[in-house]
Each structure stands twice: as structure tokens, then as C-alpha cells.
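We name chains A, B, ... by the order of the sequence lines, and we start the count at 1 in each one.
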Amino acid sequence: MSKTILITGGARSGKSGIAETMALSLAPRAVYIATAEAHDAEMEARIAAHQARRGAEWDTHAEPLDLTGALAATDGRGPRLIDCLTLWLSNLLHARRNWQAAGAEFVTALAAQRDPVVIVTNEVGCGIVPDNALAREFRDAAGLLNQKIAAVSDEVHLVVSGLPLKVK
Amino acid sequence: MSKTILITGGARSGKSGIAETMALSLAPRAVYIATAEAHDAEMEARIAAHQARRGAEWDTHAEPLDLTGALAATDGRGPRLIDCLTLWLSNLLHARRNWQAAGAEFVTALAAQRDPVVIVTNEVGCGIVPDNALAREFRDAAGLLNQKIAAVSDEVHLVVSGLPLKVK
Amino acid sequence: MSKTILITGGARSGKSGIAETMALSLAPRAVYIATAEAHDAEMEARIAAHQARRGAEWDTHAEPLDLTGALAATDGRGPRLIDCLTLWLSNLLHARRNWQAAGAEFVTALAAQRDPVVIVTNEVGCGIVPDNALAREFRDAAGLLNQKIAAVSDEVHLVVSGLPLKVK
């Protein structure tokens, strides 16, 4: 059975760097499954900074919506790093997809993988309750999705100031 | 002396589910002390979802303001689960009560309980400083109240993605 | 070599109290390096409350911008407590200084200290993505700065409800 590792933490806590190190500790080459789409200059700069840190050991597979399909397409090619889950959720909500169904399908697919999957997600629920209903819906969905993935993960780490704290 | 357990974490991190399991691990029946009041449809849906998860092992005692009275009224009826502390604080502030006095009274009452008390609270201080003064006052009060309860608790757990991390 | 300890956590989580206890556990007298400037009544009240808690064991050195200079000026006078790093970052951004350069200079200076340094910082990245770009810039910078300081620290503690959780 393949290994699933969930890496969570706040913005700029060093999650991606730790996830990349973990994925490459499992095999010399790995697949980076990017959920990001560059809609504006800020996002483009963020994606470019992420890509610049990664080296030639990485194949990139960009997929904003069909993560289950991305798992199927990349299984057998080494460890996969999904970066990140909350952006995927945001893409699903934006595209008015059923995120609960997509999340359940993804959880089922995880159990069927041969190669390991390292997943980066975000803690978004530790601030004041947001004023607007969409933001509340997003943070509720993110919290629920994180719970479901964590439940089927072999390891869960909370990243604090660049340091992983093992939760599971 | 009775046992006090504090469960903290972000929104939708799985705090309530873990608190329920802990309370029912202490006795076959428990009392659910609900601080929620249904002011709108969103809140009603949230309360209904919480109630649907709980089974017949639970007696419900609704109390938005007088938590110390609720402890007195339910002691001797098994473990109590208070869900949640931050909503209680919000109710106190909304009703223009003295939350410091109510909090101190509640802390004193906790030490006098015969039956255990499991308390759910929220992490609300790990985001950007809120723009408006009321939100800042609330998050300051919540942080201070959490500290005071944690200081007298036998166990404190931080819930991350549905997993409890023991802090005390 | 001197010891560097980083204390992080949410608003009103009890970081300052724990940092003060740690600094005074290292020597009978310590230097409080305050990065706060009182721009309004709310800030004045916050500073006064912090000062009231500290006793006569503390010398105070106020420095909103030049933390590296403050380290040089106070080395040899016992443990230093810097409270707090995120306010320093906010001061730098407000004064339109190059925070990356100032941060790198500060990290270098830390390694050269003879007396210990305890640093208080804040978790600001665990809420919903802020609407405005300046707030996003601040939380990104805070996260990156926390990572850099944590990497050179001997100990890192996450404070939850007044309780330190050792991360490093």
C-alpha cells in the first residue's frame, strides 16, 4: 500500500519546502502536481518562486480541478507532491463544482495509489470568524477536507516557523 | 476532585467530535451544555448538524450566558461537555456582561465540580490583526480566557485536522 | 556561543509571560528590548499592561527599527527579551525599510551574541487570506522572517492557551 503524508500549517510557514524534501526522500525523482493557476501578477510571481526552488528532479503536472485524474495519470512515476489542497478547493468552489463529492472521490483514490502522495494544505481556521459568508464557507470546507484527508493519511505534520511537528 | 479537559483548535478542525468521544469515554451518559443560540439560518443549520452527530447518550442543557449556573445545575449527572467557550464569550460581550468577572467565577466553579467537564474552545488569534476594534477586543478576550481555563485544566489538547495534540 | 530562543503563538496566547520567565531563568536580571511605539491610546494601554507585569529585574531598551543595533548595545548586560518581532517587521514596512536586508543582518548578529536572546513573535498566517494586498505582504514577510529566525534558534516553542509546545 502506498504512503500518504499530509503537511499543514499557516501561510509562509515552510510547508512546501518540507513537503518537497519528504517527497524526494522517498525516491530520486518526483512529480509535482500543481493546483495553481496564474490569474494575476501576484499569483504568477508566487508560482515562479515555487518553481525556482524546485530542481531538475521534478516533473510538473498542472491540474486545477481533477486531482483524482491527476493521481491516476501520474501513478507509477514516483512520489507525487500535491501543492496545494486549499487552492484545489478554492478552484472547485470557484468553478461551482461539488467539492464534497470531489473530496470523497479523491480520498477513495488515495487508498488505491501505488506510489506515495505528499499533500500540502493550509490552516485557515485559526483567525477571527470572517465577515463574509463565502469566506466562512471556504474555511469550513477547508477544515472538513483537511480532517478527511488526515484520517486516511499515514503521517500528518503541522509546520510552525519552518519546523514540522508530527501530529500523526 | 473532578477532571477538566480543554479542547482547542481552529474552525472545523474536529474539536467537537473529539470532545464528545472524550466525554463519553468517562461515562456511558453525558450532558451537552450548548452555548449556541440560533439567531439565523446559518446558525440553525450548524446547531442541527452538531445535534445530528450526537446520539441518545446525551442530555442537552442550553445556556447562552450563565455557564456557572449550568455547571451547578448539571453536577451529579455525569460528564459535562461545554460547546463552546468562545460562543459563550461572544454572548457575554453581546449582552454587555462583564466577561472577566464571569470568567473568574466560572474558573472558580470548575474547581468545585464533582463530575468531569470537557470544554471546547477556539483558536482565533493566529490570523492578521483584525481591522475593527470589536473583533480585536473579542480575540484578546478569547485568548486571555483560554489561558485562564487552560491553567486550571488537567489536560489541554490542540486539535489539528481532526487529530488531538496534547499540550498539557 | 549564546542561546537563541524563539517563542511563537497567536494573539493573547501568553507568549510574553512565558518569554519573560525563560529570560529570567537564565540570569537574575534581563534587558527588555521593546519594539512597540505608542501611536494611539489602545497601543499605550497594551504597552502599560506589559510593563506593569514586568518587575524591577528588567532594564528596558526601546528600539522600533534598529534591532541589530539594540543587540550590540545590550550584549554583556544579561539575557535580552525582544518583544516582538512582528511589530518590528510592521515598523520596518511602515518606514519603507528593506525588511529582507534588516532581517538577514539581524540573523547574522544573533550568531555573534554572547548573552542569550529570547524573541517573541506571532503566528499571523493561519486565518483566511486577507482581502488587502498590504496585509498579505505583511503575513508573507512575517512567515518568512519567522522561518529564518527559527532556523538559527536553539529552541522554538509554540504557545497554545498559555502553554509552551516545544517545536525545536
Report summary line: Under 4.5 Å to a heavy atom of chain C? For B:Leu158 that would be side chain

Requested in this report: Identify which part of B:Ile149 has an atom lying under 4.5 Å from any heavy atom of chain C, answering side chain, backbone, both or neither.
Outcome: neither

Query raised in the report: B:Ala11, B:Gly127, B:Ala142: which one forms the most heavy-atom pairs within less than 4.5 Å of chain C?
Result: B:Gly127

Query - C:Gly10 to B:Cys126 - nearest heavy-atom pair and separation - result: CA-SG, 3.7 Å

Donor-acceptor pairs between chain C and chain B under 3.5 Å, which ones?
from: C:Ala11; atom 1: N; to: B:Gly125; atom 2: O; distance (Å): 2.8
from: C:Arg12; atom 1: O; to: B:Gln147; atom 2: NE2; distance (Å): 2.9
from: C:Glu42; atom 1: OE1; to: B:Arg136; atom 2: NH2; distance (Å): 2.9
from: C:Glu42; atom 1: OE2; to: B:Arg136; atom 2: NE; distance (Å): 3.0
from: C:Arg46; atom 1: NH2; to: B:Asp140; atom 2: OD1; distance (Å): 3.3
from: C:Arg46; atom 1: NH2; to: B:Asp140; atom 2: OD2; distance (Å): 2.4
from: C:Val124; atom 1: O; to: B:Ile128; atom 2: N; distance (Å): 3.4
from: C:Gly125; atom 1: N; to: B:Cys126; atom 2: O; distance (Å): 3.4
from: C:Cys126; atom 1: N; to: B:Cys126; atom 2: O; distance (Å): 2.8

Report task. Tell me, for B:Val167 versus chain C, whether the close heavy atoms (under 4.5 Å) come from the side chain, the backbone, both or neither. Result -> both

**Report entry** chain B contact via C:Leu165 - which portion, at a heavy-atom distance below 4.5 Å
**Finding:** side chain

